[in-house]
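Report on one structure; see the data block that follows.
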2 protein chains.
Amino acid sequence: MTETETPGFRPLYQQVRDLLRQRISTGHWRPDEALPSESRLAAELKVSQGTVRKALDDLAAQNLVVRRQGRGTFVAAHSADRSLFHFFRLVGDDGERKLPSSRMLDCRRGMAGAAEAARLELAPGALVLRIDRLRLIRDQPAIIERIVVPQALFPGLDGPDHRPLPNTLYDLYQREYGVTIGRAAEQLKAVGASPEDAELLHLRTGAPLLEIDRLALDLDGRPVEWRLSRCVTEHLHYAAELA
Amino acid sequence: MTETETPGFRPLYQQVRDLLRQRISTGHWRPDEALPSESRLAAELKVSQGTVRKALDDLAAQNLVVRRQGRGTFVAAHSADRSLFHFFRLVGDDGERKLPSSRMLDCRRGMAGAAEAARLELAPGALVLRIDRLRLIRDQPAIIERIVVPQALFPGLDGPDHRPLPNTLYDLYQREYGVTIGRAAEQLKAVGASPEDAELLHLRTGAPLLEIDRLALDLDGRPVEWRLSRCVTEHLHYAAELA
DNA sequence: GAGTGGTCTAGACCACAGC
DNA sequence: CTGTGGTCTAGACCACTCG
């Protein structure tokens with residue numbers, strides 16, 4: 001734990017942070033599990049407690065870890081709550097967060113098309129799983145979503161064990177496959193409803209829909225899921241904070 | 001600088017942070033001006049340098065201050081660049097950031113309507129300034145925006161000095177009126193183009209538009225500007241990062 | 001070289017959770 | 001009571017900027 005050449009200088013706490021990040025992302029500690037205490041880690045790594053503290057604070061700032069005074073430091077877990085709160089930004093116009101229910105439309109494997117392979121960084125012809133769902137808010141059809149994931153990452157996701165799939169997938173990815181979604185990039189557009197959209201959503205063709213194109217990445221920045229949603233924003237909006 | 005009763009306990013560094021924040025938001029130090037060094041502040045406030053450091057790091061995390069190693073700590077300024085980078089999330093589908101030009105459509109004072117007074121937290125009947133602009137990207141009409149600000153905050157903004165208004169307003173608010181936009185909340189919807197929208201944007205009535213409803217707040221969280229934009233997202237998208 | 005922020009350490013004490 | 005994270009201090013040294 002001592003590398004202090006001036007060219008290629010890298011602060012100690014960053015080395016510690018990256019080491020801990022690696023241990024977390026490889027499952028050395030499981031979600032919701034407590035890490036060793038600051039003093040234990042300091043002793044193990046032969047650095048001062050302050051250095052460990054700074055590393056852990058960094059990880060906490062990236063939501064990789066949760067610190068609780070008097071209890072310990074825990075690997076962040078994707079509860080259904082957190083999935084919703086963090087990755088579902090559609091809010092009712094009255095300010096209430098609506099959690100939608102899901103109706104599976106289709107779920108099948110196939111070879112990745114050019115666009116899918118590009119977004120998910122797959123070799124051409126790799127297998128993917130495509131899930132089409134209709135999502136209802138207060139029993140009204142509100143969102144159509146197409147989810148594409150690499151088949152190799154989630155074997156058995158389309159098997160009989162997983163009918164029906166749960167409402168929030170990210171905690172399932174984490175719990176059952178050890179894949180933690182770390183961040184996501186969304187691209188929003190306004191589009192007109194296709195005839196198929198229109199029928200499923202009880203609208204007229206060409207009605208304005210909010211299209212959300214999301215690419216979700218794991219903790220190491222590898223693309224894991226591509227999701228394309230079309231939303232009726234009659235009584236909903238997408239909320240964003242600019243800070 | 002010593003208050004350590006257990007009920008109502010408040011960490012020292014937070015007290016320092018809030019004091020510094022206050023000095024910044026009241027203009028005691030101007031944008032782009034350097035703050036006193038850590039050691040000077042520590043001496044002045046009779047706390048240790050580490051405590052000042054933690055306070056300043058907090059302010060830097062909130063983009064209120066910029067720290068530059070070897071040079072000093074500076075009050076964050078809204079350059080046109082930063083305004084764009086931070087508060088303009090529309091990106092070309094090729095990934096390039098397009099900066100739009102503006103064509104003023106209308107600019108006049110009036111009494112705040114119910115919705116305007118509510119959003120801007122004004123007394124009913126207070127005066128507001130309404131600015132309508134058409135924004136062009138590569139000379140193509142792309143966005144219609146209606147900006148509403150309290151007249152009292154920006155006297156003379158509609159005067160002859162400010163025709164034409166600059167492309168980015170936030171740096172002008174800061175430079176000329178001492179009003180710094182600290183954060184903004186946006187609500188996005190898909191809507192159909194009204195006949196007026198359609199004419200200005202060269203579209204058919206009912207064409208899908210991305211509507212961005214933004215409320216911008218100053219450093220103390222007071223609402224300062226309400227902006228309603230309708231965007232053609234044919235070759236554009238709104239980019240959001242979920243982390 | 002002088003001054004600034006950035007890192008690292010060591011130690012003391014405080015607030016909080018749980019036994 | 002013990003152990004945890006959170007705060008505060010004091011001091012040493014490093015990397016960077018500028019004159």
Side-chain angles (χ1 to χ4, degrees), chain A residues 1-21 23-24 29 32-77, chain B residues 1-21 23-24 29 32-77:
Chain A
M1 239 357 165
T2 36
E3 289 173 46
T4 327
E5 307 93 270
T6 54
F9 163 76
R10 196 103 171 304
L12 237 194
Y13 77 92
Q14 287 183 16
Q15 301 175 36
V16 172
R17 158 167 54 70
D18 295 348
L19 174 65
L20 297 179
R21 198 212 311 279
R23 285 196 187 165
I24 291 170
W29 298 304
D32 266 330
E33 188 179 343
L35 272 61
S37 73
E38 294 180 354
S39 51
R40 255 183 255 282
L41 286 169
E44 184 208 334
L45 303 175
K46 300 205 177 47
V47 299
S48 84
Q49 181 176 345
T51 301
V52 172
R53 159 169 295 273
K54 188 153 192 191
L56 288 173
D57 283 344
D58 257 34
L59 295 175
Q62 297 166 50
N63 296 313
L64 241 162
V65 120
V66 178
R67 318 201 70 185
R68 287 193 243 273
Q69 181 170 161
R71 299 188 51 202
T73 302
F74 302 82
V75 178
Chain B
M1 240 356 167
T2 37
E3 290 171 44
T4 326
E5 307 93 90
T6 54
F9 163 76
R10 195 98 173 306
L12 237 194
Y13 77 92
Q14 287 183 17
Q15 301 175 36
V16 173
R17 160 170 47 74
D18 294 348
L19 173 65
L20 298 178
R21 197 210 314 276
R23 287 197 187 164
I24 291 170
W29 298 304
D32 266 330
E33 187 179 344
L35 273 60
S37 72
E38 295 181 352
S39 50
R40 257 184 253 282
L41 286 169
E44 184 208 332
L45 302 175
K46 300 206 178 45
V47 299
S48 84
Q49 182 178 343
T51 301
V52 172
R53 161 169 294 272
K54 186 151 193 192
L56 287 173
D57 283 344
D58 256 35
L59 295 174
Q62 297 166 52
N63 297 312
L64 241 161
V65 121
V66 178
R67 319 201 69 186
R68 286 194 243 272
Q69 181 170 165
R71 301 187 50 201
T73 302
F74 302 81
V75 178

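Letters A, B, ... are given to chains in the order of the sequence lines, protein chains preceding strands, and every chain is numbered from 1.
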Phosphate-side-chain proximity, [X] and [N], N/O vs OP1/OP2 below 4.0 Å:
X       : N     : result
B:Thr51 : D:dT7 : no
B:Lys54 : D:dC8 : no
A:Arg68 : D:dG6 : no
B:Thr73 : C:dG5 : yes
B:Ser37 : C:dT4 : yes
A:Arg71 : D:dG3 : no

What is the separation between atom [atom1] on [X] and atom [atom2] on [N], rounded to the nearest whole Å?
X       : N      : atom1 : atom2 : value
B:Gln15 : D:dC8  : CD    : C1'   : 12 Å
A:Leu41 : D:dT4  : CG    : C1'   : 13 Å
A:Gln14 : D:dA15 : CD    : C1'   : 13 Å
B:Tyr13 : C:dA15 : OH    : C1'   : 13 Å
A:Asp57 : D:dC8  : CG    : P     : 14 Å
B:Gln49 : D:dA12 : CD    : C1'   : 12 Å
A:Glu38 : D:dT7  : CD    : C1'   : 12 Å
B:Arg10 : C:dA15 : CZ    : P     : 15 Å

Listed nucleotide nearest any side-chain atom of B:Leu12, set D:dT9, C:dG6, D:dT4: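 Of the options given, the side chain of B:Leu12 lies nearest D:dT9.
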Which part of the nucleic acid, if any, lies within reach of A:Arg53 when heavy atoms closer than 4.0 Å are counted: base, sugar-phosphate only, or nothing?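 Answer is base: heavy atoms of A:Arg53 come under 4.0 Å of a base.
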Lys/Arg N to Asp/Glu carboxylate O, A:Asp57 vs A:Lys54, below 4.0 Å: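 Result for this pair is no, no salt bridge flagged.
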Is the shortest distance from a Lys or Arg side-chain nitrogen in B:Glu44 or B:Arg23 to a carboxylate oxygen in the other one below 4.0 Å?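 Salt bridge present between B:Glu44 and B:Arg23.
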For B:Arg10, is there any backbone N or O sitting under 3.5 Å from a side-chain donor or acceptor partner on B:Gln15?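 It does hold such a pair.
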Spatial distance of atom CG (A:Leu64) from atom CG (A:Asp58) [nearest 0.5 Å]: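 Reported to 0.5 Å precision, the distance equals 10.5 Å.
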Answer yes or no on whether A:Arg67 is positioned over the face of A:Phe74, meaning its NZ or CZ is under 6.0 Å from the six-membered ring centre and within 45° of the axis.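 No, a cation-pi geometry is absent between A:Arg67 and A:Phe74.
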Between A:Gly70 and A:Gly50, which residue's closest nucleotide on DNA chain C lies nearer the 5′ terminus?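 Looking at the nearest nucleotide for each, A:Gly50 comes out on the 5' side.
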Residue closer to the 5' end of DNA chain C, A:Gln69 versus A:Pro11 (nearest nucleotide):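 Mapping each residue to its closest nucleotide by heavy atoms, the 5'-most match is A:Pro11.
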